[in-house]
Amino acid sequence: MLPIDYAASGNCGSVSLNHSGKGKIVRVRPLDALNLASYGLLKIDVEGFESAVLRGADDKIDRCRPIIYVENVRAANQQNVISRIADHDYCLFWHLPRLFSAANFRGNQQNIWPGASSITMLCLQGGVVEGAQTIDPSNWTSPANLGNRSELSLDLVDKCGRSLDQFTAMSDGKITGPAAYFPSIEKKYGRPISHWKELVLAALPARHMELVAMLKDQHGLGHGHANAIVAHTLAEKHA
């Protein structure tokens, strides 16, 4: 880790770990090496070290199935981070919270980040988040110009940057919203929802994202529509 001068002006929170051999040597431990019986939320903001954190948490992610909330702003790493989480059979959504909140802890109303937002992902073990932009791991587009986060579309920030507690996917696992897609699915593909649900049930015990891929690859559904059908079908089956 490069040395930090805390007396100097700068963003100390953006310091990254690297393998260059320069700076101070620090010891790191993977999450799988920690004696954690379980955990429900994994928050990752490690300035480019996201893939390494995920690699070191493979076993516990599979066992504990936590909600994962991860910053994914670096263009060179984005696909790797998306693929690593999707490989655990998670559904991914962009979340673009503004860097400034008027409701901050100190009540400071000076906004030194006008228009700037973070590029993060909310990752769940299945389901749909109303109002959030779904990420198709094999065909996605970054929601922003990664060279300048202040150039994020305000419409996109308003759509994908709401507070997490405004989303309908909560930590208790009660995920609502898939049925809202059904009218547009029936209109676009010309078949009743029952038809698609039968296909999903016939393909069990395939995993969630395998079922989504089946509907996309074999029947031409879009990622969001396929995910909604699978989420609703599995929720009914396990109710």
Side-chain angles (χ1 to χ4, degrees), residues 50-51 54 61 65 67-73 75 77-96 119-144 146 152-153 155-162 164 167-170 173 175-238:
E50 294 80 13
S51 294
L54 291 165
I61 289 175
R65 310 303 290 165
I67 293 173
I68 300 175
Y69 188 63
V70 54
E71 184 178 63
N72 195 12
V73 68
N77 298 340
Q78 281 189 305
Q79 181 63 68
N80 190 283
V81 173
I82 288 172
S83 297
R84 278 199 167 277
I85 299 175
D87 285 347
H88 287 282
D89 201 33
Y90 272 69
C91 300
L92 287 62
F93 307 89
W94 290 118
H95 184 230
L96 311 177
I119 302 175
T120 56
M121 301 191 312
L122 174 64
C123 312
L124 308 171
Q125 57 181 308
V128 172
V129 178
E130 291 184 24
Q133 182 178 342
T134 305
I135 302 172
D136 181 346
S138 62
N139 183 25
W140 58 274
T141 302
S142 176
L146 294 177
L152 282 168
S153 162
D155 289 340
L156 185 61
V157 171
D158 288 340
K159 178 180 179 182
C160 302
R162 65 184 69 182
L164 288 178
F167 284 134
T168 56
M170 304 301 289
I175 303 171
T176 63
Y181 290 82
F182 288 177
S184 61
I185 292 173
E186 292 183 331
K187 181 178 180 180
K188 181 172 183 177
Y189 304 105
R191 290 182 177 273
I193 294 300
S194 59
H195 168 77
W196 305 114
K197 287 188 173 183
E198 289 172 3
L199 292 177
V200 171
L201 292 172
L204 293 176
R207 301 201 306 173
H208 184 108
M209 293 308 294
E210 293 172 339
L211 295 168
V212 170
M214 178 270 293
L215 291 178
K216 290 166 55 181
D217 298 341
Q218 299 180 24
H219 302 281
L221 272 68
H223 184 82
H225 287 162
N227 186 46
I229 291 170
V230 172
H232 196 276
T233 303
L234 295 182
E236 283 188 332
K237 179 175 174 59
H238 297 304

Practice task
Taking the six-membered ring for Trp and the single ring otherwise, decide whether the centroids of His219 and Tyr189 are under 6.0 Å apart.
Solution key: no
Rounded distance (nearest 0.5 Å) linking atom [atom1] of [X] with atom [atom2] of [Y]:
X      : Y      : atom1 : atom2 : value
Ile67  : Cys123 : CD1   : SG    : 10.0 Å
Ile135 : Cys91  : CD1   : SG    : 10.5 Å
Leu92  : Ile85  : CG    : CD1   : 5.5 Å

Beyond-backbone contact of [X] with [Y], side-chain heavy atoms, under 4.5 angstrom:
X      : Y      : answer
Met209 : Val230 : no
Leu96  : Thr120 : no
Leu204 : Leu211 : yes
Tyr69  : Met121 : no
His95  : Gln133 : no
His225 : Lys188 : yes
Val212 : Leu221 : no

Exercise for the section: Could you list the residues that satisfy ring pair (Phe, Tyr, Trp, His ring centres under 6.0 Å) with His223, not counting sequence neighbours? Expected result: none
[X] to [Y] - nearest heavy-atom pair and separation:
X      : Y      : value
Glu50  : Asn77  : OE1-ND2, 4.2 Å
Trp94  : Thr141 : NE1-O, 3.6 Å
Leu124 : Phe93  : CD1-CE1, 4.1 Å
Asp87  : Arg207 : O-NH2, 3.1 Å

Practice task
Ignoring hydrogens and angles, tell me if any N or O in the side chain of Thr134 forms a donor-acceptor pair with the backbone of Gly224 under 3.5 Å.
Solution key: no
Partners passing side chain to side chain donor-acceptor pair (under 3.5 Å) against [X] (at least two apart in sequence or in another chain):
X      : value
Gln79  : Ser83, Trp140
Thr233 : none
His208 : Asn227
Gln218 : none

Kindly list each side-chain donor-acceptor pair under 3.5 angstrom involving residues 190-201, sequence neighbours excluded, with atom names and distances?
from	atom 1	to	atom 2	distance (Å)
Lys197	NZ	His232	ND1	2.9
Lys197	NZ	Glu236	OE1	3.0
Lys197	NZ	Glu236	OE2	3.3

Practice task
State which residues pass salt bridge (Lys or Arg N to Asp or Glu O under 4.0 Å) with Asp136; sequence neighbours excluded, sorted by chain then number.
Solution key: Lys216
Exercise for the section: Apply side chain to side chain contact (heavy atoms under 4.5 Å, CB included) to Asp217 and list each qualifying residue two or more places apart in sequence or on a separate chain. Expected result: Ala213
